[in-house]
Each structure stands twice: as structure tokens, then as C-alpha cells.
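What follows is one structure encoded as C-alpha cells, with my remarks underneath.
Reckoned from all heavy atoms, side chains included, excluding hydrogens, waters and symmetry mates. Within every chain, numbering begins at 1; the chains are lettered A, B, ... in the order of the sequence lines, protein sequences first and strands thereafter. Remember, predicted model here, so these are calculated numbers, not experimental data.
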Amino acid sequence: MADPSIPASADEQRKRQALSETIDELDELLSKREAASRHAPPTEIEIPVLDDRLADFDPALFSALPGRTPSAEPAPLDDKIKHILSQELQLVIDGLRASVATQIHEALRSGGMPSAPSERANDIPMPSDSDQTANDQQPEPRIDAPAESPAVATPDGTLAKTYDPSGIEQKWYRFWEEQGYFAPDASRDTSYAIMLPPPNVTGSLHMGHGFQHTLMDALIRYHRMSGAAALWQCGTDHAGIATQMVVERNLAVTGVGRLDLGRERFLAEVWKWKEQSGGRITQQLRRMGSSMDWSRERFTLDAGLSRAVTEVFVLLYKEGLIYRGQRLVNWDPVLHTALSDLEVVAEEEQGKLWHIRYPLATGGGYVVVATTRPETMLGDTAVAVHPDDERYRHLVGQCIRLPLTDRLIPIIADDYVDPAFGSGCVKITPAHDFNDYEVGKRHDLPLINIFTIDASLNEQAPEPYRGLDRYEARRRIVADLAANDLLARVDDHKLQVPRGDRSQAVVEPLLTDQWFVKAKPLAEPAIAAVEQGRVRFVPDNWSKTYYEWMRNIEDWCISRQLWWGHRIPAWYDDRGNVYVGRDEAEVRRQHGLPAELALRQDEDVLDTWFSSALWPFSTLGWPEQTPELARYYPTDVLVTAFDIIFFWVARMIMLGLKVMGDVPFREVYIHGLVRDADGNKMSKSKGNILDPLDLVDGIELDALVDKRTTGLMRPEDAPRIAQATRKQFPQGIPGHGTDALRFTFASLATQGRDVRFDLGRIEGYRNFCNKLWNAARFVLLMTEPHAADSRAGDSALGLPERWIRGRMQQTIAAVRDGLDHYRFDLAVQAIYEFVWDEFCDWYLELAKVDLNDPERDPLLQRGTRRTLADTLETALRLLHPFMPFITEELWQRIAPIAGRDGASIMTQPYPQPIRARQDAAAQATFAWLKEAVLGLRRIRAEMNIEPRKRLPVLYHGGDERECKWLAAQQRYLCALARIESLAAIEPGAAPEAATALAGGMTFLIPLANVIDPAAERLRLDKEIDCLSKERERIGGKLARPEFISKAPAPVVAKERQRLAEVEQALNQLSGQRERLGRL
RNA sequence: GGGCGCGUAGCUCAGCGGGAGAGCACUGCCUUCACACGGCAGGGGUCGCUGGUUCGAUCCCAGCCGCGCCCACCA
């Protein structure tokens, strides 16, 4: 126990207090779990093992807890370490709180932990005997058996009136995962595989992930349901620089640098951080419904993947495709590491152009050179002019006395110089500029490196400037030049400033020893693979971008002066020899090195993208020849954004071809970036970030503002961001559920453009969920009481049934087509229109007509019920890849009625279109019927006729077919148009009436006080006007001989047909118009 | 400097050689027994501009205007 006589610091007291509060919370939780388990045994609430985790921390602190004894004597700890550890302790406490709170919350939400089960039971009314169905065997919500997959129901067994996503989503995800549905079914004949672009292990979900994962999950679910062994390989990336920076920043708060800790202890810190925050992203992916195979989750620093990295490095080295050399590289003076070209972003900034006089060594005059970086003059080793420049030709070969130094440097001639720019003289600094480096090589110039790794001036610089930061040195040098009258002029000048993409530090070209991948030999086959179509970009124009880069590729600098990553498998002896091998033992063996020869391993690690490039095969077990590797490589499609085509896609193709001898994927689907409603890139600093989970769960305004304004790089932006946020979301953001969000993403996934995320869209699709929910509610209401009857026995199909079944087939074809061509927007639109505009707006209304009619033939009624159930069930399967949760919930209820067995919609077959069922005749009949209904409704609406009022309707005209249709289908027409009576009249006997047309048939609603003749005249005139214009347009077209002779026959025929229709309609309308008389 | 993409209804976007579409927003009527997160009906667009190809152009071609992105060493 801690000695109570020693007074604890306030800080320590606070921590003890926090700890004991946590313990209390956990105790409370334990007792809750115990209580819950009496009612609902399988509900698992995982209590993190507190003792193990706390044991890592200050034993003194730990031993202060009530009832705990120290396991060992407190070891003396360095103060700094102590500080860090206690900070971490706080993190752990916070983490535990959050995790426990979330679990309780989720358990309560999903009904796993009923707070008062006894009261609930009392509220459930007993179903009447007549209502007994198979489902009533479990009248109570089946909280005790999640595997039984209960639908959310009100106590009487019907669905709630409004769809509530929060109640079902997590429950179903857990169910699927427990059932192992995410793992590919190896018994299938075909396979389908997608590699998840591994997110940063310590990152968190953003809109880009949400978008991308929605699309990948839709594809995976589609192919899984289509019968393929569908593998979605998941995992996380160690994200070298990004992760190391975060940990360093955390340490910096305590005043500890990574160098203070040393490599081993620092890496231990990074691993701890990874353990703490590494689970968040995967939990968030689960919330999106992503059906990836968690059992195969990988991490780029796993043993297996690390082995693959080493193997590939050794392989490439042996073939001479990896080499070590001293070259000019992009150096980040803040992070102290080399960067690849891709990690450097150039931004235009306002700078200056200094014109400096360089005196000739002869003493006779000077030349003027212009530079944006005057401090680099200390490293100049030449001045260059263009060989054809008459002004300077006589000076070539002479020397310059370099100001501020004692050095003499030559004037050389090189094509690189543009005589038209500036004075036509360029200072050459081979050690600090990529172009000058090349010039230097051509002219065999010496390299003078004047910078340290911090980009301050080193001992190569003249004494007065040594140790100065590069910008301070610039000020001094400019001042000194001016003082010596060597500064000719200073201009404002826009220039491209290269910055490290992580640190934002201005990158310095620096001469260092680095490892490189020779890119050209790898790029050639990779270019060919795309040219030959072995890898296909969708949309195709991205292949152009790919070619562009690949054909101008430079060697890839792969060594990084970091600690977090794969250490380079190279060893050095004292004599400067380098040995590359899988490990030190192998190196010694292969090179016959004596044990007494000391070897030290290269300190550097590899670029994160090196391991990422191996992802498609390293995750499948390479270098072992695993069954998975044989089955799933090459994978089918890579889904990603264009911004990592170079970083990742191109490198995967190059190394896949090199190592595996085949492309890593056959298609690359490139999607747009998610932007905010105004088209801006979402970023923390702009304060316009949306968290996908906030769209799912909803968030209060204050919490949203907090979220957007904490942890800003520039805290002064906070008020502006807060204000903008309050303006844009005055009510906060309501929860819409994962399904609505996913559907929205899919609908926005059009080709070749970025995505502006607009809240209006997600609201609309949330409403669609509710629509679907209520359609299902209606179908269940109609079918559940007759479930047994609906499944068995003969049935007959009426027109509405034949029509909707036909439309279903067309919809299936459209959705599949969309999915097959990565047109998620079209797929989703087809199904939206089917469900809402046709199934709900028309078919359900037609079905009501038959089901509410006691006279209706029972066979036909059975056909209607069966069609309701079948169509809904099929639509749910069709929709499932986009909206996994609501479809599962509803499917569980509807599947038994539709005669489908299965534990989950996930394992059901995806609908296939059956052409024969499209039923063109039923489509035509229905189109006519719809036209009639719409025409009559329009009259009612425009005449302000009471909606409920039934009206007498007369009709005349129509061809034989239409008369037959009317005779057969008038029950629907009368119901949907609220017709009281329907009677045929002779065309000449038409009374004054309002007119509606359907094909060649005229429907009339006699005036009889309900129709205002003036209003009808106006309405008709408008209609006639519209048709006349149409007639004129088509007529004009048909009047042109060139049209008749040159346009394809079907087009001409179609126009003729339309003209005939328009003329017929005009005839009918103008006859009726005349009867109404003049105004 | 090179390359790519985008300008269609108030907003977000489909359509891309022969009748201008959707969602949201807007207007009117309707709390009809699945749903007001709803129903029914309606208003709204010289499809950026100018030429060309074509019997016919929002759609193809050229140029221009505006917007965005990527690549690139002009000191």
C-alpha cells in the first residue's frame, strides 16, 4: 500500500479519484450485467480486463486503490516517463468509460437489457385466437435469442408505425458477424474478391471511408448473394509518418522528444497508442454495415506481412531493382526524413526574386544572377549561361569571385539556361537544387552541402552564418550583399514552394544516402498491363492519368529516417560493406562472415507505401502458397479515389506483376472525393467536417460545434467555424440511420465527378426507408393473417399482379446492370422508383381494391396476397446490398410468407431477371389504365372537386382493344378515380362535361354543378394549345422531304404515329371544347 | 507550360443524336382504414456562349467564357 503519511499531490489525488470512480462504474456495470443476465442470458457486455492494463502503469498509483495490493515493489521511474504514463492512464480511464457506456447504451437500445421486463410483459395484450399464426409462438420480443433474429415489433406483433433505424442496425450486424456470414463460403464455384484500402490504424472514419465502403460493401453483398465465394479482405495500415507524428506530438506535450526515449521505448509508446486507438476505426466500419471478413483482418506490421516486405525487398535487391546511393532527395527538416516525390506538394506562394551581382574574378565588372533563395549562394559552384547567348559567350571559362566567400567558381555554358529569363545568368547550386544537381553532374562540378538536417547552415558555410536557420541566414546574407552594393534589384515573384504533405515544412533538397527502387523496369510491364486491358480503369479516362505518370516515373526513394515501420533488412560492417538478407544470421551465413565481425542493421524504415504496395498478396499469405492466394489473386476490383492512383494503385500493379507475375486486380473503380455542400474539400481546419456516424445517429448542435472547434491547428478560427456551423445546422443533425446514408452515397456515386454532400438527399432517402417500412407494414397486415393460405394452393393473377411482376423483372435487370457497371446511382434510382412510384403508389392501391372486395374470386385474392409478399420479398433482396439493415429486418418477417427459408437475407440468392415474366401485354394495358386515372384525377384536382366525392363518368370512342381493357379493368378505374358510375354514350350525345383522354377513348365528367364550365374551357384551351404546338412541330418535321428520305424508317414511323395520336387527341378535345361554347 | 473534368429547373444531380428528367425546395387541395418521414395535383428550364457537322444537336466537333482538379525544374 502507498504510505498514507506521504501527502499526495493534487494531481495524483485527482487521478486516484478518477480511478476509483471508474472502478465504481465498473462495479455498477457488473451488477447490471448480472441482473440482465437473469432475464436475457446471451447478452454479452465485455468488461475490459482492468488489472492487466493498469499493471503497466505506475505501481505506486495502482497500489493506492482500495483493495488492491502491489504485485511488486514500485520501480524507480524517470520523471518524464512517469508523466507520460499518468497521462496515458487518464486516456485509458476515458477509453474504458466510453467503451463501457457505449456497450450499455447499445445493449439497452437493442433490447438486450430490459430495464424492467416484468412491467413490459403486463402491457402485452393477448392476441385473439383467430389471429394466431406461426409467428405467435413467440409473442414476446425475442430478446433472449438473437440468433433467432426477431424483427422489431410492437407488442401486438405489428411493425411500429415509423421506421427507427437505431433499434435494429447494431443488432443485425452482431448477428451476421456471429453467424460468420462475412467469411467467404469456400464451397462456392466462383469467387469474387476486393481488397479494402487499409485505413490508418489509429485514424477514424470520415466521409470518404463511408462513401467508399458503401460501394465496396454493395459489390461484395451483391456477388456474395449471386453465389460467389466473396472475400472482402480487410485490415489496417501502420501509416508510418502520420502515426509517428501523432505519438511524437502527444509526447511533446510532456516535454519529451523521441530521441530522449530512444528507439525501443519510443516504439513501445507507438504500439501502446496503436492498441488504444486502433480499434476505433474497425468499430466504425462495423457501424457502416461493412461485411468484411474480420477473421482475416491484417495489419501491415503483422509478422506475416512484415515477412512479405522483407522477402520482396531481398528479391528486388538481388535483381538490382533496389539500390542504395547518395543522391539529392526531398528532405523534411522538421521530421528529419527523406520523402518521395509524391509526398511533396508544391503550392504557389508570394516570394521575391533577388538579383545579385557576382563580380568577375578578373576584377572587371560582374554578372547579375537572379534567385528566389539567396542563402543557397553559399553553396554555388558555378554560374551558367546559355551556350548561344552572345552577351556572355566571351565570359564562359572565366571565373566569378563568389561574394561572402573566398571561392572562385567558373562560368559555364549549358542548355538548361533560358536566356530570356532574368539576366540570362543562373547560379548553380548542385547540392541544393534538383536542376542544378543535373547541371553539376554534366559539368563535373563539386557539391557543397551547406545545410544540416534541420536546414540550418553547417560548417561548410562561412563562419558568420554557421548555425543560423535558413531564413535567418537569408536575411543576413541579403543584408550583407546590400551593404556591399551587390544587390542589384529585388522583385516580387510568385513561386512554387515545396512542402512535406504531413509536416507542411518547406522541403529542402539534400544530399543523403538513401534506398531507391528502380522504377522504369517495373513501370514498363505495368503500363503494358493497362494498355492490354488486363487492368481496366473505370471510368476509362483515368488510365490516361496513369500513363502520364508511369511514362515519366522517377526512381522511388523508399527509405525513411523514422522508427515506426518496417526496418530495412540491410546490415553494415565497419569497412562500409552492405549486406542485404532476410535476417542477420542469413547475411552472415551467405557471406561467410565471421562471428566476431560486428554488423549493425540499417537504422531506417521503409516508406509506408512499400508495404501497401504488397497488400493484395501479402494479406493472402504470400510468400506461402496458400489456398487463398491461389483462389483470390488477382482480385476483381479495387475501389478507390483518384488521389492515390500514384501512391498506391500504380505501385500495386508494378509490384504485383513483378512478384506474383500477374496484375493485382482486373478493374480499378475510381470514385470522386466527398466534398461539403459548397464543393469545398472537407477538412478539420476548414471546420466543415461531417462525421458519417453523426449522420447515422444524429448529433446535437452544441456537440457538433464542439467537435468542429476542438483541436484546431489555428484556434483563432473557432468562432468563425462555430458561427458557420450554427447557421448551417441550426437544429443540429437528426439521425438518419446507416441505410439512408448508404443509399445516399450510392445515389451520389456518379461517374467522373466529385460528390457534394447535401443533407437534403439523405433526408429524402431516410423518408424512403420509412416508405419501405410502411409498405412492408401494409403487406404484412394483408398477408400475415392468411400466411398459410397465401403460401399454398392455386392462385390466379389479375392485371395488377401481372403488371407489377413484369415491372419487377425490368427493375431487377436495371439494378444488376447498374451494379455490373459501377453505376450505383442508376441502380439505386431504378429501385427507388420501383418501390415508391410503382409498388407503393400504384400496386398497393390496386391490391386494396381486390383485397377489400368480399366478392372477389378467392383464387385471385390469393394471387394478390402472394404477389404482395413475393414482390416485397424480391425487392428487399434487390435492395439489400445498399440497405442491409432494414432489408434484413423486414425480410425476416416477410420471407416465411413468401415461402422462402433461410436464416438471413444475406445468404439468399440475388434476384435474376426473367424475361418471360415482363408481360408486355400487361404493361400496355396498365399504361392505358394509368392514363385514364391520371386524366380523371387531374380534372378533380383542377376543378377543386372534393377528393372523396364519387362522380358519374361517361365515355365514348376507343378501339376494340381499349373497349376490352375497359370492360375487364373498370373496377380499378372506378376505385382509383373514385367513379360512381360508368356509362357508354354515342360520341354525338356527349353532354357539356370535363374531358379526359386515354388513348383513343374519351372520358367525360358531366358538369352537373360540380364542374365550372369556365374553368374547364380554360383547362381545355391550355391542353389544346399544348397539343397544337406539338402537332406543328411534328408536322413540320414530317413535311421535310430530307427527313423522310434520310432519317431511319423506325424514327419516321414513330413520328407519324405520334402525330396521329396528337391529332386524335386534338379532335376529341376540340369537339368537347365546342360543346362548352364560347367564353 | 502540359493534361483531365465540369457548366441542364432556386439547390444537388441524371440524361448525352430524334418527345427536356429525378430528389429536395416551391404552390394548391387532402389528417382517405401502410406511411404527414404521407397522398393527389401543379408551377418552374432560349440544357454557359458562338460557329460547324447532320434531315435533325442539350447530346458529336471547333473556338470562346466561367469553375475545379492533376502533373511539371524556369532560376
Using the P atoms only, state how far B:C60 lies from B:G66, rounded to an integer number of Å.
-> 22 Å
Rounded to whole angstrom, note down the P distance from B:G42 over to B:A22.
-> 12 Å
Got a list of protein N/O to nucleotides 7-13 of chain B N/O distances below 3.5 Å?
{"unit_1": "B:G7", "atom_1": "OP1", "unit_2": "A:Arg753", "atom_2": "NH2", "d": "3.2"}
{"unit_1": "B:U12", "atom_1": "OP1", "unit_2": "A:Arg756", "atom_2": "NH1", "d": "3.0"}
{"unit_1": "B:U12", "atom_1": "O2", "unit_2": "A:Arg761", "atom_2": "NH1", "d": "3.4"}

Considering only atom C1', compute the distance from B:G44 to B:C35 and round it to an integer number of Å.
-> 28 Å
With pairs taken as Watson-Crick or G-U wobble and both distances under 3.5 angstrom, which stems of at least three consecutive pairs involve RNA chain B?
-> B:1-7 with B:65-71, B:10-13 with B:21-24, B:26-30 with B:38-42, B:48-52 with B:60-64
OP1 or OP2 of B:C30 sitting under 4.0 Å from any side-chain N/O of A:Arg948?
-> no
I'd like a list of close polar pairs between nucleotides 72-75 of chain B and the protein, N/O only, cut-off under 3.5 Å.
{"unit_1": "B:C73", "atom_1": "O4'", "unit_2": "A:Asn435", "atom_2": "ND2", "d": "3.3"}
{"unit_1": "B:C73", "atom_1": "O2'", "unit_2": "A:Asn435", "atom_2": "ND2", "d": "3.1"}
{"unit_1": "B:C73", "atom_1": "N1", "unit_2": "A:Asn435", "atom_2": "OD1", "d": "3.1"}
{"unit_1": "B:C73", "atom_1": "O2", "unit_2": "A:Asn435", "atom_2": "OD1", "d": "3.3"}
{"unit_1": "B:C74", "atom_1": "O2", "unit_2": "A:Asp418", "atom_2": "OD2", "d": "3.4"}
{"unit_1": "B:C74", "atom_1": "N3", "unit_2": "A:Asp418", "atom_2": "OD2", "d": "2.8"}
{"unit_1": "B:A75", "atom_1": "O2'", "unit_2": "A:Ala370", "atom_2": "O", "d": "2.6"}
{"unit_1": "B:A75", "atom_1": "N6", "unit_2": "A:Asp418", "atom_2": "O", "d": "2.5"}
{"unit_1": "B:A75", "atom_1": "N6", "unit_2": "A:Phe421", "atom_2": "O", "d": "2.8"}
{"unit_1": "B:A75", "atom_1": "N1", "unit_2": "A:Asp418", "atom_2": "N", "d": "3.2"}

Phosphate oxygens OP1/OP2 of B:G38: is one of them under 4.0 Å from a side-chain N or O of A:Asn767?
-> yes
For RNA chain B, the residues among residues 378-388 of chain A that have a non-hydrogen atom under 4.0 Å from it | none
Could you work out which one of B:A34, B:C37, B:A14 sits closest to the side chain of A:Leu826?
-> B:A14
Give A:Arg1019 one of three labels, base, sugar-phosphate or nothing, depending on what nucleic acid heavy atoms sit under 4.0 Å from its own.
-> nothing
In whole Å, what is the span from the CZ atom of A:Arg938 to the P atom of B:C40?
-> 14 Å
Separation of B:C55 atom C1' from A:Glu1042 atom CD, nearest Å, is 6 Å
P atom, B:C47 versus B:A20: distance in rounded Å?
-> 11 Å
Sub-3.5 Å pairs of nitrogen or oxygen atoms, protein against nucleotides 18-20 of chain B:
{"unit_1": "B:G18", "atom_1": "O2'", "unit_2": "A:Lys1037", "atom_2": "NZ", "d": "3.1"}
{"unit_1": "B:G18", "atom_1": "O2'", "unit_2": "A:Glu1055", "atom_2": "OE2", "d": "3.1"}
{"unit_1": "B:G19", "atom_1": "OP1", "unit_2": "A:Arg1058", "atom_2": "NH1", "d": "3.4"}
{"unit_1": "B:G19", "atom_1": "N3", "unit_2": "A:Arg1058", "atom_2": "NE", "d": "3.3"}

Side-chain donor-acceptor pairs of residues 1034-1053 of chain A under 3.5 Å, sequence neighbours excluded:
{"unit_1": "A:Ser1045", "atom_1": "OG", "unit_2": "A:Pro1041", "atom_2": "O", "d": "3.0"}
{"unit_1": "A:Ser1045", "atom_1": "OG", "unit_2": "A:Glu1042", "atom_2": "O", "d": "3.2"}

Report which part of the nucleic acid A:Glu438 touches: base, sugar-phosphate, or nothing (heavy-atom distance under 4.0 Å, all strands).
-> nothing
For A:Asn552, answer base if it contacts any base atom (sugar-phosphate contacts may also be present), sugar-phosphate if it contacts only those atoms, and nothing otherwise; contact means non-hydrogen atoms under 4.0 Å.
-> nothing
Counting side-chain heavy atoms from CB outward, which of B:C4, B:C30, B:A34 is closest to A:Pro947?
-> B:C30
Taking only side-chain nitrogens and oxygens of A:Trp542, does any of them come within less than 4.0 Å of OP1 or OP2 of B:C69?
-> no
Check whether any side-chain heavy atom of A:Ile356 lies under 4.5 Å from a side-chain heavy atom of A:Thr371, and answer yes or no.
-> yes
Heavy-atom side-chain contact between A:Glu838 and A:Glu833 under 4.5 Å = no
Quantified in whole Å, what is the C1' atom distance between nucleotide B:A41 and nucleotide B:C59?
-> 32 Å
Between B:G42, B:C69, B:A14, which nucleotide gets closest to the side-chain atoms of A:Phe642?
-> B:C69
Starting at CD of A:Glu845 and ending at C1' of B:A34, how long is that distance when rounded to a whole Å?
-> 9 Å
Between A:Lys544 and A:Arg766, which has a closest nucleotide on RNA chain B that is more 5'?
-> A:Lys544
Heavy atoms under 4.0 Å, any strand shown: does A:Leu844 hit a base, just sugar-phosphate, or nothing?
-> base
So does A:Lys771 reach the base of B:C35 with its side chain, donor to acceptor, closer than 3.5 Å?
-> yes
Counting any heavy atom closer than 4.0 Å, what does A:Cys769 reach on the DNA or RNA strands: base, sugar-phosphate only, or nothing?
-> nothing
Nearest-Å distance once atom P is located in both B:G51 and B:G21 = 27 Å
With the side chain of A:Phe778 defined as its heavy atoms from C-beta on, choose the nearest nucleotide among B:A14, B:C40, B:A34.
-> B:A34
Is there a donor on the side chain of A:Lys161 or the base of B:A34 sitting less than 3.5 Å from an acceptor on the other?
-> no
Euclidean distance for C1', B:C40 against B:C55 (whole angstrom) = 43 Å
Could you check whether A:Trp354 gets within reach of a base, just the sugar-phosphate, or nothing at all, counting any heavy atom under 4.0 Å?
-> nothing
A:Leu759/A:Phe729 under side-chain contact (heavy atoms from CB on, under 4.5 Å): CA gap, chis, key distance, verdict = CA-CA 10 Å; A:Leu759 269 189; A:Phe729 307 104; 3.2 Å; yes
Distance between the P atoms of B:C61 and B:C24, in whole angstroms?
-> 34 Å
